[in-house]
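Encoded as structure tokens, the structure appears first; notes follow it.
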Amino acid sequence: VQLQASGGGLVQAGGSLRLACEASGRTFSSSAMGWFRQAPGKEREFVAGISLSGIRTSYADSVKGRFRIFRDNANHTAYLPMNSLKPEDTAVYYCAARIYVASSSSVYSRRSEYNYWGQGTQVTVSS
């Protein structure tokens with residue numbers, strides 16, 4: 001699975017962006033997906049995850065109510081619309097895929113649980 005993340009950019013605080021993660025290969029529809037982010041000098045942290053069925057989702061407390069993860073299996077793409085952005089959301093955002101899942105409703109939040117990673121897209125929020 002190859003993952004291509006896009007949609008990052010520079011936005012003012014309170015603004016919105018929508019990240020996209022397009023997957024190549026036939027395994028997208030059987031993969032759980034996740035978004036992580038890494039700010040300068042910090043470790044990569046979990047942002048949001050979605051099951052392969054799309055039914056279950058999970059979010060970091062810091063983004064609940066502002067970010068929403070969803071997926072379009074027909075187009076092999078996972079999305080992360082981000083609203084009410086804050087300067088502390090500034091980071092490189094990475095999408096990830098896990099191809100071996102326990103069930104269609106399993107959601108994963110640990111870096112070690114994902115098999116494949118995209119190249120990252122920069123999100124910068126100015127105050």
Determine whether a donor-acceptor pair (N or O, by modelled atom type, separation under 3.5 Å) exists between the side chain of Arg56 and the backbone of Ser51. no
Does atom CD of Glu22 have more than 12 heavy-atom neighbours, drawn from other residues, nucleotides or ligands, at distances under 6.0 Å? no
Between the main-chain N or O of Pro87 and the side-chain N or O of Ser127, is there a donor-acceptor pair closer than 3.5 Å? no
Measure the spacing between CZ of Phe36 and CZ of Arg110 and express it to the nearest 0.5 Å. 10.0 Å
Correct closest heavy-atom pair for Tyr108 and Ala32 would be CD1-CB, 3.8 Å
Taking Thr121 for its side chain and Ala5 for its backbone only, find out whether a donor-acceptor pair lies under 3.5 Å. no
Side chain Gln119, main chain Gln4, donor-acceptor under 3.5 Å: no
How far apart are the closest heavy atoms of Leu85 and Leu17, and which atoms are they? CD1-N, 3.8 Å
Are Tyr94 and Tyr114 connected in a single hydrophobic cluster, I mean Ile/Leu/Val/Met/Phe/Trp/Tyr linked by side-chain heavy atoms less than 4.5 Å apart? yes
Evaluate Tyr116 against Ser31 for side chain to side chain contact (heavy atoms under 4.5 Å, CB included), listing each step before the verdict. CA-CA 10 Å; Tyr116 297 94; Ser31 300; over 6 Å; no
Please report the closest heavy-atom contact between Phe67 and Val47, naming both atoms and the distance. CD2-CG1, 3.7 Å
Testing the basics here: between Ala23 and Val1, what is the closest heavy-atom pair and its distance to 0.1 Å? CB-CG1, 4.2 Å
Does Arg71 qualify as a cation-pi partner of Phe28, given the criterion of NZ or CZ under 6.0 Å from the six-membered ring centre and within 45 degrees of its axis? yes
Starting at OG of Ser24, measure out to CG of Leu3 and round the result to the nearest 0.5 Å. 7.0 Å
To the nearest 0.5 Å, what is the distance between CE on Met33 and CZ on Arg98? 13.5 Å
Determine whether Trp117 and Val107 fall in the same hydrophobic cluster, where Ile, Leu, Val, Met, Phe, Trp and Tyr are linked whenever their side-chain heavy atoms lie under 4.5 Å apart. no
Where is the tightest heavy-atom contact between Trp35 and Ala78, given as atom of each residue plus distance? CZ2-O, 3.9 Å
Yes or no on side chain to side chain contact (heavy atoms under 4.5 Å, CB included) for Met82 and Val11, after CA distance, side-chain angles and deciding distance? CA-CA 11 Å; Met82 307 183 295; Val11 65; over 6 Å; no
Ser30 and Thr27: side-chain donor and acceptor closer than 3.5 Å? no
Do Arg37 and Tyr93 have side-chain N/O donor and acceptor atoms under 3.5 Å apart? yes
Test of understanding: with side-chain hydrogen bond (donor to acceptor under 3.5 Å, both in side chains), list the residues that count as partners of Gln38, not counting sequence neighbours. Arg44
Pairwise distance CG(Asn83) to OG(Ser16) - rounded to 0.5 angstrom: 4.0 Å
Do Tyr79 and Phe70 have ring centres separated by under 6.0 Å? yes
Leu19, Val92, Leu80 screened by side chain to side chain contact (heavy atoms under 4.5 Å, CB included) with Val123, the one that passes: Leu19
Can Lys86 and Asp89 be counted as an ion pair, charged N to O under 4.0 angstrom? no
Examine Ile99 and Leu52 and state if one hydrophobic cluster contains both, with Ile, Leu, Val, Met, Phe, Trp and Tyr joined whenever side-chain heavy atoms are less than 4.5 Å apart. no
Donor-acceptor pair, distance only, cut-off 3.5 Å: does the side chain of Tyr59 make one with the backbone of Arg66? no
Flag, side chain of Thr90 to backbone of Val125, donor-acceptor distance under 3.5 Å: yes
